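What follows is a single structure, written as structure tokens, with notes after it.
Since this is a predicted model, take the numbers as computed values, not measurements.
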Amino acid sequence: MKEVTVQELKEKIDNNEDFQLIDVRETFEYETSNLDGENIPLGGLLIEIDKIATDKPVIMQCRSGQRSAAAVMQLEQRGFTNVYNLKGGILAWRQEFDPSMPVY
């Protein structure tokens, strides 16, 4: 499984790179704190598979990297080759860049 670190994600954001960020947490979790990605909860990922880009990198993220890793595996099993897991999830982002970010 391909992964990106929070440092690599921040570089992509800062450089205005073209990629899709998908947050696979539940809506209530996303509303608590998010990184401005698109919210597609893991349970509905395959139902909304048509919203996932195939022509650019797609970074999946969650709270710690567990659910997003499961999302990457589901998509890879369906032929996606452009998906990456955000290592450590939003907890790693908070630790590295935004200690004031509310995380449950």
Side-chain angles (χ1 to χ4, degrees):
M1 175 183 315
K2 298 178 284 193
E3 291 190 309
V4 297
T5 64
V6 291
Q7 294 85 357
E8 290 168 327
L9 175 59
K10 183 155 184 350
E11 282 179 31
K12 288 180 179 302
I13 293 168
D14 291 347
N15 294 330
N16 292 316
E17 290 185 31
D18 187 21
F19 69 95
Q20 184 180 26
L21 179 63
I22 297 178
D23 188 325
V24 298
R25 297 176 301 153
E26 296 300 319
T27 303
F28 74 91
E29 296 173 283
Y30 181 84
E31 290 170 352
T32 299
S33 59
N34 65 74
L35 303 177
D36 294 328
E38 187 173 353
N39 184 218
I40 304 176
L42 181 59
L45 187 67
L46 299 181
I47 295 167
E48 301 197 60
I49 200 166
D50 59 327
K51 292 183 177 181
I52 301 167
T54 56
D55 59 344
K56 59 185 170 185
V58 177
I59 300 171
M60 311 299 285
Q61 68 96 179
C62 64
R63 180 176 181 266
S64 67
Q66 299 279 333
R67 282 177 280 178
S68 51
V72 168
M73 289 193 306
Q74 286 181 24
L75 294 172
E76 285 178 342
Q77 289 171 354
R78 282 153 185 85
F80 282 78
T81 58
N82 61 322
V83 289
Y84 300 81
N85 183 37
L86 180 63
K87 190 175 183 179
I90 202 165
L91 292 176
W93 181 275
R94 177 182 182 215
Q95 182 176 351
E96 188 72 26
F97 300 114
D98 190 358
S100 66
M101 178 180 278
V103 178
Y104 46 92

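In this structure the side chain of V103 never reaches within 4.5 angstrom of the side chain of T32, judged on heavy atoms. Using a 4.5 Å heavy-atom cutoff, the side chains of K87 and V6 are not in contact. Looking at heavy atoms from C-beta onward, T54 lies out of side-chain contact with T81 at the 4.5 angstrom threshold. Counting only heavy atoms from C-beta outward, the side chains of E38 and D23 never approach each other to under 4.5 Å. With a 4.5 Å cut-off on side-chain heavy atoms, I22 and K51 do not count as touching. Looking at V72 and F80, their side chains never come closer than 4.5 Å, going by heavy atoms from C-beta outward. In this structure, the side chains of M60 and L86 stay at 4.5 Å or more apart for every pair of heavy atoms. The side-chain heavy atoms of T5 and K10, taken from C-beta on, include no pair separated by under 4.5 Å.
No more than 12 heavy atoms of other residues, nucleotides or ligands sit less than 6.0 Å from atom CD of Q66.
Without hydrogens or angle criteria, D98 side chain to R94 main chain gives no donor-acceptor distance under 3.5 Å. Without hydrogens or angle criteria, Q20 side chain to A53 main chain gives a donor-acceptor distance under 3.5 Å. No donor-acceptor pair under 3.5 Å is formed between the side chain of Y30 and the backbone N or O of I40. In terms of modelled atom types and a separation under 3.5 Å, the side chain of R25 and the main chain of C62 share no donor-acceptor contact. Between the side chain of S33 and the backbone N or O of P102 there is at least one donor-acceptor pair closer than 3.5 Å.
In the hydrophobic cluster analysis, where Ile, Leu, Val, Met, Phe, Trp and Tyr join through side-chain heavy atoms closer than 4.5 angstrom, V4 is grouped apart from M1. Two different hydrophobic clusters hold L21 and V83 under the rule that ILVMFWY side chains link at heavy-atom gaps under 4.5 Å.
For the residue pair L42 and A70, the shortest heavy atom distance occurs at CD2-CB, 4.2 Å. Here the closest non-hydrogen pair linking I47 and D50 is O-OD1, 4.1 Å. Taking both residues in full, the closest heavy atoms of I90 and Q61 are given as CB-NE2, 3.9 Å, listed atom of the first, atom of the second, then distance.
Note that CD of E17 and NZ of K12 are 4.5 Å apart. Values are rounded to the nearest 0.5 Å. Between the CG atom in D36 and the CG atom in N39 there is a gap of 12.0 Å [rounded to 0.5 Å]. The line from OG of S68 to CG of L75 is 11.0 Å long, rounded to the nearest 0.5 Å. L9 CG to I59 CD1: the interatomic distance, rounded to the nearest 0.5 Å, is 5.0 Å.
Cation-pi geometry between K2 and Y84 is met: under 6.0 angstrom from the ring centre, within 45 degrees of the axis.
Screening residues 61-78 for salt bridge (charged side-chain N to carboxylate O under 4.0 Å, His left out) gives E29-R67 as the qualifying pairs, with residues at least two apart or on separate chains.
For F97, the ring-ring contact (aromatic ring centres under 6.0 Å, His included) partners two or more places apart in sequence, or in a different chain, are W93.
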